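Notes to accompany the following structure.
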Amino acid sequence: MTFMDGLNSAQQQAVDHVEGPLLVVAGAGSGKTRALTHRIAHLISHHCVDPSNILAVTFTNKAAREMKERLEILLAKKVAFDQYAQPFSTLEMGQQRDLRTRIYREITKDLWIGTFHALFSRLLRFDIDKLEDSDGLKWTRQFSIYDDKDSQNLIKEIITQDLQLDPKRFEPKKIKWVIGNAKNQGWSPDRLETESEGHRGKIVTEIYRLYRKALAANNALDFDDLLLLPVQLLQQNDQIRTYWHTRFKHLLVDEYQDTNRTQYELIRLLSTNNTLPETYRNWSNRSIFVVGDADQSIYSFRAADFTILMDFQKDFGDSQPDSVTKTMVKLEENYRSTATILDAANALISNNTERIDKVLRATRGEGDLISITRCDDEIAEGEAVIHRLKILQSNHPQLNWRDMTILYRTNAQSRSIEESLVRWSIPYVVVGGLRFYDRREIKDILAYLKLLINPSDTISLIRVINTPRRGIGKTTIQRLTDAANQLSIPLWDIVSDPEAVRSLGGRSAKSLLQFCELINSLKQQIHILKTHELIQYTIEQSGYLSELIAEATEESEERRRNLQELINAAIQHQEENDEATIESFLASAALSSDADDKDIASDRVTLMTLHSSKGLEFPVVSIVGMEQGLFPSYRSLDNPSSLEEERRLCYVGITRAKEKLFLFHASERRLWGGMREPAVPSLFLSELPESLLKGDLPQSGGASLRRGNRLERLTRVDRKENLQALSDGVGSTPLNAVRKVHSGPSPGKSWEVGDRVIHSSFGLGEITHTFGSGQKTSIAVKFKGMGPKILDPRLAPIQPAGNI
């Protein structure tokens, strides 16, 4: 058995690469994870690379866990073949377990596999105390990691208390975004000040300075620091950088198109030891192996920069044409979708100019045509989608609800879909709700644990000092905080000083002393109890559990179940990490992301945004809201680069589908709480080859529902004579059939930017954009006193202003 077995030629070329740089352009569904895991196994088994010399970066923690598990099974299969001369699956369960345990202890335990944030927070645990900060700030290895909510609370405190500013004018969430953006670009407060303008810019810069000082005072880092500080450390300390450069000889980076400039700098520093990539030549027994697809870059709002991938050949590679290059491999065979779906995706994305040319090739059959449905409005759209899914499940008993997903551009679109699902009693789950680790009770108990490890963490101390209620009021807490600030010491130093508590605590002094005893008693258990046992002990000893029991409500019972799940999470962390500690569990909790919380295992229809669908696949995919101004969004209409990212997002949505793809758009839609407005089919629909499409009659019924008519008369799709047609996606009228009902430009002339028009309701307006061409032209018109309206000039009640 070799790790080349079962791979196609392009995958084999990627896996067999040993030294130097390699870019793997991996199309959707092309088996990139397989290539990554087989490559790591091949390096270890065939080339005798020490596992501790390998660092692999994944996009999510979930992907890291799955990669480790796949790798263990892959290596165990080879050992079973070599040692027992039989397949791993035929071994007894005990033998399988022992073999995997051996693989873990001898190989995968020493691998560094995780997200950028997880890996470099781990690096900081070794060396953060050696960082020389430009402002003289210091952190210890026991630092806390603040999530976005913690950071915003700290910034709000600075805004309202330190600077006495209006939080409505200086909104903490927006200030946090500005600071985060500055950190992602490697900017200090001084640099931000030079890049900012006016009085507001100076105030934001001052907030940034105070925020950094407050983080250091709390011995805490935010998410952006977990990348920025390692960059600064590796840039300034040659000894530390050389150590980690020598340690990690083989770097693998997944989803390379979603890296930002700070992450790129980390990879550069580790791989070339601060040498410019284009001049680095010492690739003996070293490699940099990145996997990505510019066509799936959809996270620019998170500072991701897909040009980093586009420039790989110039930075690290040989800069040769695709046909002869030795530093790029393209994975173009798709194992997920039907040929029809792939042909549509290829045609759509070919309209983008900023990409590396590739064509996905199907390894499966043609499949069904893509169905497009036009509905009266968003309510009818919701009904049409659900009827489609009901009929599919009825006609295909092997399909489960979990096999179906409904995707949309914005979270707000889920409302009408959810209402239809509820009406028809179909189980569903919305991805993107409150993250597990963001729930109040979970954050409360984690704050206790953070405080035990890092007493300087004032944010956590303030959170738990009166949770559950102990009669320690806000006034008392503020008095203690003021004293700590004046003395420039952590709040815990005041709280843990009996004399200070008796002096400043007033009537709360007794409760404060009891709280201090509680924390000290919990600290004594850190090295005695396992993490899950310490969590259980904390829940009980703090009085948290007894308060939930006393409340005796459905909500309190749900919170108790969530706390039990936290204990389960700690047990799982222990099982997955032989050297698990309370610190490693807290880091794992802090670094978990929305992408790790996607619940698609239960038998429910999945609702999520197109962004959230990245990395997933479903037999049946429905995409709703395919309208100009919604998808693509208004913000992208006058920005070619943004429009290309919207097209990439559509490409990602289409390539989630394995068997069937349904696209929906409405003739009118109520958006943002305003009036109902006419809608125009998305530009992206016109970019799909008509030979791959089948269209339905426009679906009606939303208006009927609003008038309170009976449910069985809501839409045409629930009439018996149309059920089969809906299932097949066949309508008696072509999708693009239209009637010219209003006068347009004079013969031989088309609508152009700058033309003035008269609308029967909106009055005089001016065309600001045109989309498509010929019979598929749509226009954006700016009318006085309102935002842009996107109209189908063949149907909208408009005339050229010159005809009036």
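Please read all numbers here as calculations on a predicted model, not as lab measurements.
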Let me have the donor-acceptor pairs involving side chains of residues 66-75, under 3.5 Å, with sequence neighbours excluded, atom names and distances please.
| residue | atom | partner | partner atom | Å |
| --- | --- | --- | --- | --- |
| E72 | OE1 | R100 | NH2 | 3.2 |
| E72 | OE2 | T108 | OG1 | 3.2 |

(request) Over 60° means perpendicular and under 30° means parallel, so classify the ring planes of H611 and Y299, tilted if in between. (result) tilted

(message) Centroid separation under 6.0 Å, is that true for the rings of F126 and Y243?
(response) no

Determine, for [X] against [Y], whether the closest basic-nitrogen to carboxylate-oxygen distance falls under 4.0 angstrom.
{"X": "R268", "Y": "D315", "answer": "no"}
{"X": "R364", "Y": "E659", "answer": "yes"}
{"X": "K450", "Y": "D150", "answer": "yes"}
{"X": "K326", "Y": "D318", "answer": "no"}
{"X": "D293", "Y": "K32", "answer": "no"}

(request) Kindly compute the distance separating NE2 (H47) from NE2 (H250), expressed to the nearest 0.5 Å. (result)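 Rounded to the nearest 0.5 Å, the NE2-NE2 separation comes out at 8.5 Å.
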
(request) Inspect the surroundings of CD in E92 and state if more than 12 heavy atoms from other residues, nucleotides or ligands are less than 6.0 Å away. (result) no

(request) Decide if atom CZ of R361 counts as having more than 12 heavy atoms of other residues, nucleotides or ligands within a radius under 6.0 Å. (result) yes

(request) Determine, step by step, whether K658 and E617 satisfy the salt bridge (Lys or Arg N to Asp or Glu O under 4.0 Å) criterion, reporting the C-alpha distance in whole Å, the side-chain angles of both residues, the deciding distance to 0.1 Å, and the verdict. (result) CA-CA 7 Å; K658 298 168 68 175; E617 58 182 41; 3.7 Å; yes

(request) Verify, without hydrogens or angle tests, whether H245 (side chain) and L270 (backbone) share a donor-acceptor contact under 3.5 angstrom. (result)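 Present.
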
